[in-house]
> 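Please read through the structure below; I'll follow up with questions.
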Amino acid sequence: MEVVPTGEPARSEVPLDLAKVQTAGRWNSGFIVVGVLLFLVSLVGIWAMGATGFGSWFTITLVAVFAVASAGLVVTSVLRRRMLLLLVGDSASACTITERGLTLAGAPEIEWHELVFVAVLNDRPRTNRLRSVPIYGWFGRLALKAGNGTVLCELAVRDGESLRRRCASPAAARRITLYGRWPDGSRRGVLPLLLDAVLSEQSTQDVVGALFAAAAAHDIPAILHESPLDSLRWKAPQLDPEWPAEAR
């Protein structure tokens, strides 16, 4: 993380790992192209079997399942690309951290008082265990190359709708996930950041450290989890007022 002297309050730039960015872009685009092609081939196959009467219902069902899997590959790849664009913009910096707040490459400035919480999920232990599983581990390694990431940082804001309106483009606004409406009329939103997908190991650690330090200084809840389920249980009640009381 590079500290940039500006004559103003402390300001630090977090550089992108350009090699990771390029690799993730190529593989993710490849996943989308392959997924679309396989989906179209599956549809043609289903149509051909239906028109000619060749193949049983079991065969048609298998091809249909393959079509759904291909569509899923496209959807997850598109969503992953949107997530990565929160950190990847026109400059070599992923984000700027100041005493006032945080500005991402693909989103407007978020002042510290706007944050509800900072949640970091370290998924590396689970990912490492799954690498030994045949086939799944192989696809998992490909997903990592496409920018899947193993360190997910979620920034929750008090007014997700307001932040969406401040975004420069509709595509950027859609990267902010909105949740249930609170009694004051606001809807909280979450920005998901796949840190290690486009940042070096050192920059990833620096960003997490800087966010936790800012959270402590501004009385913002911040937590590190290694279990997706534990993370969900902790953050869901703070996002959705209709979350079941017994799960809080």
> Counting C-beta onward and ignoring hydrogens, is there a side-chain heavy-atom pair between Leu163 and Pro108 closer than 4.5 Å?
yes

> Please report the closest heavy-atom contact between Pro237 and Leu232, naming both atoms and the distance.
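It is CD-O, 4.3 Å.
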
> Would Arg174 and Arg82 satisfy side-chain contact (heavy atoms from CB on, under 4.5 Å), going step by step from the backbone distance to the final call?
CA-CA 8 Å; Arg174 284 194 296 270; Arg82 287 182 181 175; 3.4 Å; yes

> Before accepting this row, confirm whether a basic side-chain N of the pair Arg100/Glu109 lies closer than 4.0 Å to the acidic partner's carboxylate O.
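Counted as a salt bridge, because a side-chain N and a carboxylate O are separated by less than 4.0 Å.
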
> Let me confirm one number: the CG-NZ distance from Leu84 to Lys20, rounded to the nearest 0.5 Å.
11.5 Å

> Would you check if Phe212 and Leu224 make a side-chain contact, meaning some heavy-atom pair closer than 4.5 Å?
yes

> Which heavy atom of Pro192 sits nearest to which heavy atom of Met83, and what is that distance?
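Where Pro192 meets Met83 most closely, the heavy atoms are CB-CE, 3.5 Å.
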
> Between Arg181 and Glu161, does any NZ, NE, NH1 or NH2 come within less than 4.0 Å of an OD or OE carboxylate oxygen?
yes

> Within the structure provided, determine whether Pro241 and Tyr179 are in side-chain contact (heavy-atom separation under 4.5 Å).
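Sidechains of Tyr179 and Pro241: no contact.
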
> Linking I/L/V/M/F/W/Y whenever their side-chain heavy atoms sit closer than 4.5 Å, directly or via other members, would Leu239 and Trp182 fall into one cluster?
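Different clusters: Leu239 never reaches Trp182 through Ile, Leu, Val, Met, Phe, Trp or Tyr contacts under 4.5 Å.
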
> Heavy atoms only: give me the nearest Ala105-Ser93 pair and the separation to one decimal.
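For Ala105 versus Ser93, the nearest heavy atoms are CB-O, 3.7 Å.
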
> State the CZ-CG distance between Arg80 and Leu85, to the nearest 0.5 angstrom.
12.5 Å

> Transitively linked via ILVMFWY side-chain contacts under 4.5 Å: Val116 with Leu102?
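Unlinked, Val116 and Leu102 end up in two clusters.
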
> Decide whether Val151 and Leu194 are clustered together by the hydrophobic rule: side chain heavy atoms of Ile, Leu, Val, Met, Phe, Trp, Tyr closer than 4.5 Å, transitively.
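Yes, because Val151 and Leu194 connect within a single hydrophobic cluster, where side-chain heavy atoms sit under 4.5 Å apart.
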
> Taking all non-hydrogen atoms of both residues, which atom of Leu38 and which atom of Ser70 are closest, and how far apart?
CB-OG, 3.3 Å

> For the CZ atom of Phe117 and the CG atom of Leu155, what is their distance to the nearest 0.5 Å?
9.0 Å

> Looking only at heavy atoms, what is the nearest atom pair of Ile176 and Cys167, with distance?
CD1-SG, 3.8 Å

> Considering only heavy atoms from C-beta outward, does the side chain of Ser200 approach that of Ser203 to under 4.5 Å?
yes

> Asp123 vs Glu226, test: side-chain contact (heavy atoms from CB on, under 4.5 Å). Steps then yes/no.
CA-CA 6 Å; Asp123 204 33; Glu226 291 190 351; over 6 Å; no

> How about Asp184: does its CG atom have over 12 heavy atoms from other parts shown lying under 6.0 Å from it?
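Correct, the count exceeds 12.
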
> So do the side chains of Val74 and Phe39 get within less than 4.5 Å of each other, counting heavy atoms only?
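A side-chain contact is absent here, since even the closest heavy-atom pair is not under 4.5 Å.
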
> Using the rule side-chain contact (heavy atoms from CB on, under 4.5 Å), only one of Asn122, Leu121, Leu152 pairs with His225; which is it?
Leu121

> Pick out which of Thr76, Val88, Ile32 makes a side-chain contact (heavy atoms from CB on, under 4.5 Å) with Arg81.
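For Arg81, the side-chain contact (heavy atoms from CB on, under 4.5 Å) test succeeds with only one of Thr76, Val88, Ile32, which is Ile32.
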
> Minimum heavy-atom separation for Ser77 to Leu73, with atom names?
OG-O, 2.7 Å

> Test of understanding: clusters of I, L, V, M, F, W, Y form through side-chain heavy atoms closer than 4.5 Å, transitively. Do Leu191 and Trp112 belong to the same one?
yes

> Less than 4.0 Å between a side-chain N and a carboxylate O, is that true for Arg166 and Glu114?
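Yes, charged N to carboxylate O under 4.0 Å.
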
> If you measure from CZ on Arg188 to CD on Gln238, what distance do you get to the nearest 0.5 Å?
7.5 Å

> Between Val14 and Leu18, is there shared hydrophobic-cluster membership here, with clusters defined by ILVMFWY side-chain heavy atoms closer than 4.5 Å?
yes

> For a quick check under 3.5 Å, do Asp196 and Thr204 share a side-chain donor-acceptor pair by atom type?
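No pair is found: no donor N or O on one side chain lies under 3.5 Å from an acceptor on the other.
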
> How long is the straight-line distance from CG of Leu193 back to CG of Leu86, given to the nearest 0.5 Å?
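Reported to 0.5 Å precision, the distance equals 6.0 Å.
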
> Taking C-beta and beyond as the side chain, do Asp17 and Leu199 meet within less than 4.5 Å on heavy atoms?
no

> Less than 4.5 Å apart, side chain to side chain, heavy atoms only: is that true for Arg164 and Leu178?
yes

> Between CG of Leu104 and CD1 of Ile110, what distance do you get to the nearest 0.5 Å?
5.5 Å

> Are the side chains of Cys153 and Val207 in touch, meaning some heavy atoms are under 4.5 Å apart?
no

